[in-house]
Student: 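Below are the structure tokens for one structure; questions will follow.
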Amino acid sequence: MEKHYYVYLLASGRNGTLYVGVTSNLIRHIHEHRTKAADGFSKRYDVDKLVWFEETQDVIAAISREKRIKKYSRAWKINLIEEANPQWRDLFEDITK
């Protein structure tokens, strides 16, 4: 069975606070952000809407992509979100269907 890795962006709302993360279990990890299961940035700033993600089977590529995205400007990240999700919909419901 192939393993999948996800790089994702969470937002507090449209043009709000952004959080970049990487995980091998997107549904579980986003659920943890949404339920504020752990203390940290996403809990502190109420960043819990999944607005963008991409998938890869290469863990090194996923970690590298996350690090690159973190270094990009806020405007670049907003553009990345708006290219794939112009309405800033919370994509969590889409991935749990």
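A quick note: this is a predicted structure, and the numbers were derived from the prediction, not measured. FYI, side chains are in, hydrogens and waters are out, and symmetry mates aren't considered; it's all heavy atoms of this structure.
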Student: Residues in side chain to side chain donor-acceptor pair (under 3.5 Å) with N25, at least two apart?
Tutor: none
Student: Is it true that V47 and L91 fall in one hydrophobic cluster, defined by side-chain heavy atoms closer than 4.5 Å?
Tutor: yes
Student: Could you tell me which residues satisfy side chain to side chain donor-acceptor pair (under 3.5 Å) with K67, sequence neighbours excluded, listed by chain and number?
Tutor: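 Applying side chain to side chain donor-acceptor pair (under 3.5 Å) to K67 gives none.
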Student: Do V20 and V22 share a hydrophobic cluster, counting only Ile, Leu, Val, Met, Phe, Trp and Tyr and linking them when any side-chain heavy atoms are less than 4.5 Å apart?
Tutor: yes
Student: Using the test salt bridge (Lys or Arg N to Asp or Glu O under 4.0 Å), find all partners of D94 that sit at least two apart in sequence or belong to another chain.
Tutor: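 Residues passing salt bridge (Lys or Arg N to Asp or Glu O under 4.0 Å) with D94: R89.
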Student: Would you call L18 and I81 a side-chain contact if the rule is heavy atoms closer than 4.5 Å?
Tutor: yes
Student: If a pair satisfies ring pair (Phe, Tyr, Trp, His ring centres under 6.0 Å) and one of its residues is in residues 42-82, list it, with sequence neighbours excluded.
Tutor: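 For residues 42-82: F41-Y45, Y72-W76.
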Student: Got a sec, which pairs hit ring pair (Phe, Tyr, Trp, His ring centres under 6.0 Å) with one end in residues 77-97, sequence neighbours left out?
Tutor: none
Student: Sequence neighbours left out, what pairs pass side chain to side chain donor-acceptor pair (under 3.5 Å) with at least one residue falling in residues 11-20?
Tutor: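 Residue pairs passing side chain to side chain donor-acceptor pair (under 3.5 Å), neighbours aside: none found.
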Student: My understanding is that only residues two or more places apart in sequence, or in another chain, count here; which of them pass side chain to side chain donor-acceptor pair (under 3.5 Å) with Q57?
Tutor: E2
Student: Could you pull out all residues at least two apart from N85 that satisfy side chain to side chain donor-acceptor pair (under 3.5 Å)?
Tutor: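 Here no residue qualifies.
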Student: Any idea which heavy atoms bring K77 and K70 closest together, and the distance?
Tutor: NZ-O, 3.5 Å
Student: Output all residues satisfying salt bridge (Lys or Arg N to Asp or Glu O under 4.0 Å) with E83, sequence neighbours left out; order by chain, then residue number.
Tutor: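 Expected list: none.
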Student: Taking side chain to side chain contact (heavy atoms under 4.5 Å, CB included) as the test, write out the residues that go with K71, two or more places apart.
Tutor: none
Student: So, D58 and K3, do they make that salt bridge, N to O below 4.0 Å?
Tutor: no
Student: Give every donor-acceptor pair under 3.5 Å between a side-chain atom in residues 26-33 and any protein atom, sequence neighbours left out.
Tutor:
from	atom 1	to	atom 2	distance (Å)
R28	NH1	E32	OE2	3.0
H29	NE2	Y8	OH	3.1
H33	ND1	S42	OG	2.7
H33	NE2	Y8	OH	2.9

Student: Does the side chain of L10 reach to within under 4.5 Å of the side chain of K49, using non-hydrogen atoms?
Tutor: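 Contact flag for L10/K49 side chains = no.
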Student: Please answer: with hydrophobic residues joined when any side-chain heavy atoms are less than 4.5 Å apart, are L9 and V7 in the same cluster?
Tutor: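 Both belong to a single hydrophobic cluster.
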Student: If you round to the nearest 0.5 Å, how far is CG of D46 from CZ of R44?
Tutor: 12.5 Å
Student: With heavy-atom distances below 4.5 Å as the criterion, would you say the side chains of K36 and D48 are in contact?
Tutor: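 K36 vs D48: side chains touch.
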